[in-house]
2 protein chains.
Amino acid sequence: MGKVLRGRSGRRRGAPDTKGEILAAARDVFGERGYDGASVRAIAAAAGVDPALVHHYFGTKEKLFLAAMEIPFDPAIIADAIAAGSSGAGIGERAIRTFLGVWGQPSGRAPMLALLRSAMQHETAARLLRQFVTRAILGRVLVAFEGVPDGALRAEAMVSHLIGLAIIRYVVKLEPIASVSDEELIRLVAPVLQRYYDDAVEQS
Amino acid sequence: MGKVLRGRSGRRRGAPDTKGEILAAARDVFGERGYDGASVRAIAAAAGVDPALVHHYFGTKEKLFLAAMEIPFDPAIIADAIAAGSSGAGIGERAIRTFLGVWGQPSGRAPMLALLRSAMQHETAARLLRQFVTRAILGRVLVAFEGVPDGALRAEAMVSHLIGLAIIRYVVKLEPIASVSDEELIRLVAPVLQRYYDDAVEQS
DNA sequence: CGCATTATTCATCACATGATGAATTCCGCT
DNA sequence: AGCGGAATTCATCATGTGATGAATAATGCG
């Protein structure tokens, strides 16, 4: 496994999307090991390519990371799914449902894990995660909390719970949460999340 | 800053608690950078000591980590504070209150951060965190959830939210959660957490 | 075809890391 | 005073890292 013996130097035949393969490999490896833990060599190996090629395309490891974090799904869609017509009713369930949808499949989980893991080690990545959460997610979810007292705070608290769930379920893999079905988790968490909205509305 | 010029080799005068200083430095640096990011050299420098001394005392970096993670506060006390006579009433507020108490002061925050950060990079540390949460915290909190349907699940969900809060507040430092006062956060989060208990009880 | 451009690998650098073993200095005990 | 052992540092190794520059091979345009 690993290193592909690809014979001698020089350009390969055909028009393989090598840049794309490197990006995919980068997302995988960054996701598994975080920014510092993922070596350029390991990424290159996972892409079946010489390490120098990575630098050829992306210049530096940091630029590769940034390129790899160009989220492969549209955050707007997600945020809109959560906000859903800027109504607060049912926002708890929509939030965790969308969340599990993204994390449930590897194509969504890998970059999220990469971002999360890396944000724990590197201030650069932390800034990136902050931006991502702020602009791409919170900014839109906030429309549902418009006019709600402590809206920003409450929206963030919701997001923080989801992040905590991601860590327990997908990183630390603590049982029984790691193995419980999506639906069961939704049934458990949705009403609790919902309170972040309901609490504020009923007191206003 | 950094490297203390301490002249020549050999034993130092007096009986300084060097081992303890190394442990403290280790907790700091592991906390700031996680397991992989914290180099033995950096820890040694922070302790004002030669790197070889670290190995002399602890043999290997991993053993040092394990030693540093021997939690400096008693998890039993914390867990008991949360469980509080195995009553579920008010458990939400007690949980977040105790949580903020630990994370509020550096002596508690450092090892927790170290554990969290490292768990994101290293399976060894993830296992450690799993153990810690399971035995030291969950095991005792569960008495409050005794007989409650999905007790384990609900207790873990509570913990996951707290972990998420820790990350948003102390690692990613997302505003406004990062700056809000403890009391305000308690007012916001406590009733939501409480629902993990109340929901189960009222349906049984 | 011919030739510049692009894709790819190889060899190599400077540097940081974890670890080890020998040398030096001090302490405690007799 | 003397001696063994513990504490401390120094010099050093093997390894892995990100990065660079030159060499080689295929492509595509004229």
Side-chain angles (χ1 to χ4, degrees), chain A residues 2-26 29-30 32-68 114 118 121-122 124-125, chain B residues 2-26 29-30 32-68 117-118 121-122 124-125:
Chain A
K3 193 62 157 286
V4 176
L5 263 290
R6 100 145 52 338
R8 64 206 186 295
S9 304
R11 184 172 192 155
R12 276 188 285 172
R13 268 167 227 256
D17 179 22
T18 315
K19 200 170 170 181
E21 282 166 29
I22 293 178
L23 275 176
V29 181
F30 278 133
E32 279 163 29
R33 317 211 243 226
Y35 182 84
D36 290 308
S39 72
V40 171
R41 285 163 161 85
I43 293 172
V49 137
D50 189 277
L53 197 51
V54 174
H55 284 100
H56 173 59
Y57 278 123
F58 300 95
T60 160
K61 185 184 178 182
E62 179 153 351
K63 284 185 195 156
L64 168 62
F65 180 71
L66 294 192
S118 304
Q121 336 176 325
H122 225 75
T124 306
Chain B
K3 191 65 153 283
V4 176
L5 264 290
R6 102 144 50 353
R8 62 204 188 295
S9 306
R11 183 170 193 156
R12 274 189 285 172
R13 268 167 227 254
D17 180 22
T18 315
K19 200 170 172 181
E21 282 166 29
I22 294 178
L23 275 177
V29 182
F30 279 132
E32 279 163 30
R33 316 219 253 243
Y35 183 84
D36 290 309
S39 72
V40 170
R41 284 163 160 86
I43 294 172
V49 137
D50 189 276
L53 196 52
V54 175
H55 285 99
H56 173 60
Y57 278 124
F58 300 95
T60 161
K61 184 183 178 183
E62 179 152 352
K63 283 186 198 159
L64 168 62
F65 179 71
L66 280 278
R117 281 210 154 94
S118 304
Q121 338 175 324
H122 226 76
T124 307

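Below, read A as the first sequence line, B as the second, and so on, with proteins coming before strands; counting in each chain starts at 1.
Each of A:Asp36 and A:Ala52 was matched to the nucleotide of DNA chain D holding its nearest heavy atom; the match closer to the 5' end belongs to A:Asp36. For B:Ala42 and A:Asp50, each mapped to the nucleotide of DNA chain C holding its nearest heavy atom, the one lying further toward the 5' end belongs to A:Asp50. When each of B:Tyr57 and A:His55 is assigned the nucleotide of DNA chain D with its nearest heavy atom, B:Tyr57 is the one assigned upstream, toward the 5' end.
Judged by distance alone, with hydrogens and angles left aside, the side-chain atoms of B:Gln121 form a donor-acceptor pair with the main-chain N or O of B:Asp36 at under 3.5 Å.
With hydrogens and angles left out, the side chain of B:Arg41 and the base of C:dG18 share a donor-acceptor pair within 3.5 Å.
With A:Tyr35 as the aromatic partner, A:Lys61 meets the cation-pi criteria of under 6.0 angstrom to the ring centre and within 45 degrees of the ring axis.
Across B:Phe58 and B:Lys63, no two heavy atoms sit closer than the pair O-CB, 3.3 Å.
In this structure, NE2 on B:His55 lies 6.0 Å from OG1 on B:Thr60, to the nearest 0.5 angstrom.
Using a 4.0 Å heavy-atom distance criterion, B:Ala44 is classed as making no nucleic acid contact.
Contact annotation: B:Ser39 side-chain N/O to C:dT17 OP1/OP2 distance is under 4.0 Å. At least one side-chain nitrogen or oxygen of B:Thr60 sits closer than 4.0 Å to the OP1 or OP2 atom of C:dA19.
When the nucleotides C:dA19, D:dG18, D:dT9 are ranked by their closest atom to the side chain of B:Lys61, C:dA19 comes out on top.
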